[in-house]
Amino acid sequence: MKASLIISIVPHNEGEKITSILKKNGATGSSILMGRGTAENSFLLLLGIGDTSKDIVLTLVPSAKKTHLIEVLATQTKAFRHHYGIVFATDADWIFPENTNQSCTEELIMAEKKHKLITVILNKGFADDAMAAARKVGAGGGTIIHARGTAKEEDVSFMGIKLVPEKETLMILVEKEKTEQVIQAIRDLPCLKEPGSGIIYSQDVDSFTGLGHQAEK
C-alpha cells in the first residue's frame, strides 16, 4: 500500500492539537518530537519557524488520504495564531502492520514537487554551523532535533558514523533548485571533514502548506 508521512511543525505543546485533528479525520496516530527552530526574522514571517521550541508531528497515512488531511489541517488551524506553523508530506511505504481490508480507491494525482527536505545528522553542537552555511546559499531556516545514538561506544555502524555521542538532526526545507547548493555548502564545513562526522540526505516533499492565518487559499 502506498503511504505518505505527513510532517507538521508547530509551536511547542501544540502537537496534541494537530494529532487530535488528524485522528478525528481518519489518521490512526502520530508521534511528536521536540525540536527548535533556527529561522531568521524574515523567514519567520513566511513560515512561522523562529528560534523557539517546536513540536514535530509525524503521521503515517495512506497516500489516498494525504491531500484531504492536509487540507483539513489548513482549514482548522486558520483560527490559530498568525504563522502557526507548516505542514508537508513525503512518500513512504507501509512496512508493518498493513491493513489488508482497507480500500484506497481515490485516484492519486502526482503534483509537481517544488520543495526538498534536507536532513543532516551530525554531532551535537554543529547544527547551528550547518544552518549558517545553508543560509549563505539561500536557505531560509530549519528545525533542530536533539538525539543520541544507540550503538556501543566502540561501534561504528551506520555509514561510518559513531552512534553513541549525542547527535543533532537538522531539517531544512528548501526550494528544489537550491538543494545541491545547500548540500555542498554544508559538506564543505570544517567540522564535517573528518570521516564519520555526519551524514546528509534529501527527499522530495509535496503538499507544502502554511498553518494559521497565512493558510488562506
Side-chain angles (χ1 to χ4, degrees), residues 5-12 33-58 82-91 111-149 158-163 165-215:
L5 181 66
I6 297 177
I7 302 174
S8 310
I9 303 176
V10 296
H12 182 44
L33 308 178
M34 285 186 59
R36 64 179 176 90
T38 64
E40 297 175 315
N41 287 338
S42 59
F43 196 67
L44 172 63
L45 293 177
L46 176 62
L47 296 183
I49 302 178
D51 291 312
T52 57
S53 296
K54 297 293 176 183
D55 281 355
I56 300 99
V57 184
L58 308 179
H82 197 46
H83 301 300
Y84 182 72
I86 60 171
V87 60
F88 54 91
T90 65
D91 292 332
E112 180 183 358
K113 294 177 171 60
K114 298 181 180 180
H115 295 83
K116 285 269 192 178
L117 176 65
I118 297 173
T119 302
V120 192
I121 303 173
L122 67 178
N123 291 331
K124 182 180 179 181
F126 293 119
D128 287 303
D129 293 335
M131 189 65 246
R135 279 201 186 101
K136 290 180 180 179
V137 293
T143 301
I144 297 171
I145 303 171
H146 297 283
R148 63 179 179 84
F158 184 62
M159 298 181 68
I161 296 178
K162 293 181 180 179
L163 297 179
E166 289 187 275
K167 299 290 181 182
E168 291 177 334
T169 298
L170 173 63
M171 300 166 59
I172 309 172
L173 193 66
V174 298
E175 293 88 348
K176 194 171 185 177
E177 62 270 17
K178 295 180 180 179
T179 304
E180 292 301 324
Q181 286 179 292
V182 172
I183 288 176
Q184 190 59 53
I186 294 173
R187 290 180 62 185
D188 289 341
L189 286 171
C191 63
L192 293 178
K193 292 300 183 182
E194 181 181 348
S197 57
I199 61 173
I200 183 170
Y201 61 92
S202 66
Q203 58 197 119
D204 288 327
V205 304
D206 56 34
S207 303
F208 172 57
T209 303
L211 301 177
H213 294 328
Q214 87 278 22

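For reference, positions follow the sequence shown, starting with 1. Quick caveat, the model's predicted, so the values are computed rather than measured. All values below come from the heavy atoms of this structure, side chains included, with hydrogens, waters and symmetry mates left out.
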Worksheet item: How far does CD1 of Ile145 sit from NZ of Lys54, to the nearest 0.5 angstrom?
Response: 13.0 Å

Worksheet entry | Heavy-atom closest contact (Gly35 atom, Ile56 atom, distance) | N-CD1, 3.6 Å

Fill in: Residue from Val182, Val205, Val137 passing side chain to side chain contact (heavy atoms under 4.5 Å, CB included) with Val174
Val182

Discussion item. Once rounded to the nearest 0.5 Å, what's the spacing between atom NE2 of His146 and atom OG1 of Thr169?
Written reply: 10.0 Å

Discussion item. Do Asp128 and Glu168 have side chains that approach each other closer than 4.5 Å (heavy atoms only, starting at C-beta)?
Written reply: no

Worksheet item: Is there side-chain contact between His12 and Arg36, with at least one heavy-atom pair below 4.5 Å?
Response: no

Discussion item. Is there a side chain to side chain contact (heavy atoms under 4.5 Å, CB included) between Ile186 and Ile172? Walk through the geometry before answering.
Written reply: CA-CA 11 Å; Ile186 294 173; Ile172 309 172; 4.0 Å; yes

Discussion item. Tell me the closest heavy-atom pair linking Met131 and Ala139, and the distance in Å.
Written reply: CE-CB, 4.2 Å

Worksheet entry | Given Ile86, Ile118, Thr143, the one that forms side chain to side chain contact (heavy atoms under 4.5 Å, CB included) with Leu173 | Ile86

Worksheet item: Are Ile7 and Met171 close enough that some pair of their side-chain heavy atoms sits under 4.5 Å apart?
Response: yes

Worksheet item: Which atom names give the shortest non-hydrogen contact between Phe88 and Phe208, and what distance separates them?
Response: CB-CA, 4.0 Å

Worksheet item: Would you say the side chain of Asp91 lies within less than 4.5 Å of the side chain of Gln203, judging by non-hydrogen atoms?
Response: no

Worksheet entry | Inter-residue atom distance Phe126.CZ - Ile121.CD1, 0.5 Å rounding | 16.0 Å

Response to the item:
Taken to the nearest 0.5 Å, the spacing of Leu189 CG from Gln184 CD works out to 10.5 Å

Worksheet item: Hey, what do you get for SG (Cys191) to CG (Leu122), rounding to the nearest 0.5 Å?
Response: 6.5 Å

Worksheet item: Which atoms form the tightest heavy-atom contact between Arg187 and Leu192, and what is the distance?
Response: O-CB, 4.4 Å

Worksheet entry | Check: Thr179 main-chain N/O paired with Lys116 side-chain donor or acceptor under 3.5 Å | no

Worksheet item: Is there a side-chain contact between Lys167 and Asn123, using heavy atoms and a 4.5 Å cut-off?
Response: yes

